[in-house]
Amino acid sequence: MSPIRDLITNKTSNINPIWIMRQAGRYLPEFREIRKENTDFIKLCLNPELSKEITLQPLKRFELDAAIIFSDILMLPYGLNQKVEFKKNFGPILGDLKLNEILRLEEDDFVKKINPVYKAIKMVSENDITKYKSTIGFVGAPWTLLVYMINRKSPKIKLVDDFFKDKNLIKEILLVIEKFLKIHIKNQINNGAEVIQIFDSWVGLLDNKDLPYYVFEPTSNLVHFTRSLNTPVICFPRGIKDYKKYCDIINPDVISIDYEVDPSLIKKEIQIPVQGGMDPKILLTDKENLKREAKKYLDIFKDHPYIFNLGHGVLPETDPNMMDYLVKMVKDY
Ligand code: CP3
């Protein structure tokens, strides 16, 4: 059994598996090399051979316990025929949202369009490198996908003014998102994903009163669905203030925490396995500081099932040597 599956199943606290969000990406020169020749990001995600190669790049360098498939949460709107582009130094830009077309979309057409993602997962999970490791599939949570589909770009500071205007549109889109996320999750699992992580990157934009409708209900449905396929779920509701309440309601197998929350409080309040927490900016400092900060998390979660990870994705400016140091340090702890 892979260490992550072991930890989730047996709630063991004597091992600290490690993987890093965005471990396959721009801080690696070998990724930038491939990216330079593949200027269309979506096309790159739809190239199973290259996607597999990029997914495995960090595992060839570091002793990580999981491969997270090189893809993007925005493959879902892409599969729903909403245009998705990535502009350098700006981020994603989405096209018009055509509800009537989306409502007519058939499962087969969606699956055909993003099938290369499943092919890549299959190749990664069958590769020797991942033999005793977990292949992690992922999706964006319904709320975060709704944000991108209506806002049509990252809401760096806030949502567009009329975001909540058309309540009927929101309701319909949330239902479509949930329907196709289930299809997307099922296909990832059928092709070898042994854990699913749900990224809810924009929970922090919501008022507490709106959490039940936009976050708790649709995310719980996905967690139940995934678990009904005998697959554990890691939830990452970045920026949620009350992690305890989130866990009580959603009950994921693992809760991934951001770097703004106090890990000691999490340890005190939450019984389920915990993942992540350390600020990715720590990797931009020096080894001594990195060791101290990583040790802080490892000490706090010493008697608690804990998967080492960061509180958000690794930054593009990160020196791969610092990553190497971190992984070795966690393994030797
Ligand atoms: O290594 C991995 O973690 C696997 C691949 C992965 C990517 N995106 C590749 C990627 C994963 C798990 C994601 C998740 C994702 N994508 C999230 C949730 C996590 C988070 O960061 O909050 C979100 C919100 C997105 C949407 C997205 N994709 C944005 C906002 C951007 C542009 C800015 C950025 O953060 O890079 C992307 C592009 C993207 N997705 C890149 C990569 C490697 C960079 C592409 C490039 O320019 O080379």
Side-chain angles (χ1 to χ4, degrees), residues 4-5 7-9 11 21 68 73-77 79-80 102 107 110 134 136-150 159 163-164 167-190 193-258 261 266 269-276 305 307 309:
I4 290 177
R5 253 327 250 266
L7 179 138
I8 294 173
T9 312
K11 310 278 183 292
M21 289 190 261
I68 179 150
I73 63 164
L74 299 180
M75 293 314 284
L76 190 106
L80 300 178
I102 290 182
E107 172 168 348
F110 171 83
S134 301
I136 300 181
F138 67 89
V139 292
W143 162 248
T144 286
L145 290 174
L146 183 78
V147 165
Y148 280 105
M149 290 173 76
I150 294 187
L159 295 163
F163 186 90
F164 291 105
K167 291 282 191 305
N168 194 49
L169 174 79
I170 287 182
K171 189 172 144 211
E172 301 256 25
I173 296 287
L174 275 175
L175 288 173
V176 171
I177 290 175
E178 188 178 318
K179 172 181 165 192
F180 284 94
L181 278 179
K182 286 178 176 166
I183 294 167
H184 194 32
I185 288 173
K186 182 184 71 188
N187 282 298
Q188 294 188 60
I189 292 171
N190 288 345
E194 71 157 37
V195 180
I196 295 290
Q197 173 146 329
I198 301 178
F199 286 93
D200 213 346
S201 305
W202 297 111
V203 172
L205 295 174
L206 284 168
D207 291 340
N208 279 342
K209 69 170 182 14
D210 292 324
L211 290 174
Y213 181 70
Y214 291 101
V215 175
F216 297 154
E217 272 176 47
T219 310
S220 295
N221 292 344
L222 291 180
V223 170
H224 282 130
F225 175 78
T226 311
R227 224 185 265 127
S228 76
L229 304 174
N230 290 319
T231 304
V233 190
I234 305 173
C235 284
F236 180 38
R238 182 171 71 93
I240 196 146
K241 301 289 173 305
D242 194 340
Y243 272 96
K244 178 172 165 28
K245 187 170 179 195
Y246 181 93
C247 288
D248 286 346
I249 294 173
I250 307 254
N251 190 25
D253 294 277
V254 179
I255 184 77
S256 199
I257 58 174
D258 61 69
V261 64
I266 294 286
E269 287 189 334
I270 290 177
Q271 271 75 49
I272 63 169
V274 173
Q275 166 178 284
I307 301 170
N309 204 321

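Since this is a predicted model, take the numbers as computed values, not measurements. The first residue in the sequence is number 1, and the count goes up from there.
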Separation between CE of Met75 and CZ of Phe180, rounded to the nearest 0.5 Å
15.0 Å
Looking only at heavy atoms, which two atoms of Ser134 and Arg5 are closest? And how far apart?
OG-N, 4.2 Å
Between OG1 on residue Thr231 and CD1 on residue Ile196, distance to nearest 0.5 Å:
6.5 Å
Donor-acceptor pair, Gln188 side chain versus Phe138 backbone, under 3.5 Å?
yes
Within this structure, what is the CZ-CD distance for the pair Phe236 and Gln275, rounded to the nearest 0.5 Å?
8.5 Å
Using the salt bridge (Lys or Arg N to Asp or Glu O under 4.0 Å) criterion, which residues pair with Asp258? Sequence neighbours excluded.
none
When rounded to the nearest 0.5 angstrom, what is the spacing between CD1 in Ile73 and NE2 in His184?
10.0 Å
With rounding to the nearest 0.5 angstrom, report the CG to CD distance, Leu146 to Glu178.
12.5 Å
Asn309 (side chain) donor-acceptor with Ser256 (main chain) under 3.5 angstrom
no
Under a 4.0 Å threshold between the charged nitrogen and the carboxylate oxygen, would Lys186 count as salt-bridged to Glu107?
yes
Rounding to 0.5 Å, atoms CD1 (Ile183) and CG (Leu76) come to a distance of 9.0 Å
If the condition is salt bridge (Lys or Arg N to Asp or Glu O under 4.0 Å), which residues does Lys245 pass it with, not counting sequence neighbours?
none
Phe164 ring center near Tyr214 ring center (under 6.0 Å)
yes
Contacts satisfying salt bridge (charged side-chain N to carboxylate O under 4.0 Å, His left out) that involve residues 220-234 (not counting sequence neighbours) are Arg227-Asp253
Which heavy atom in Lys182 sits nearest to a heavy atom in Leu222, and how many Å separate them?
CG-CD2, 3.9 Å
Can any side-chain N or O of Trp202 pair as donor or acceptor with the backbone N or O of Val147 at less than 3.5 Å?
no
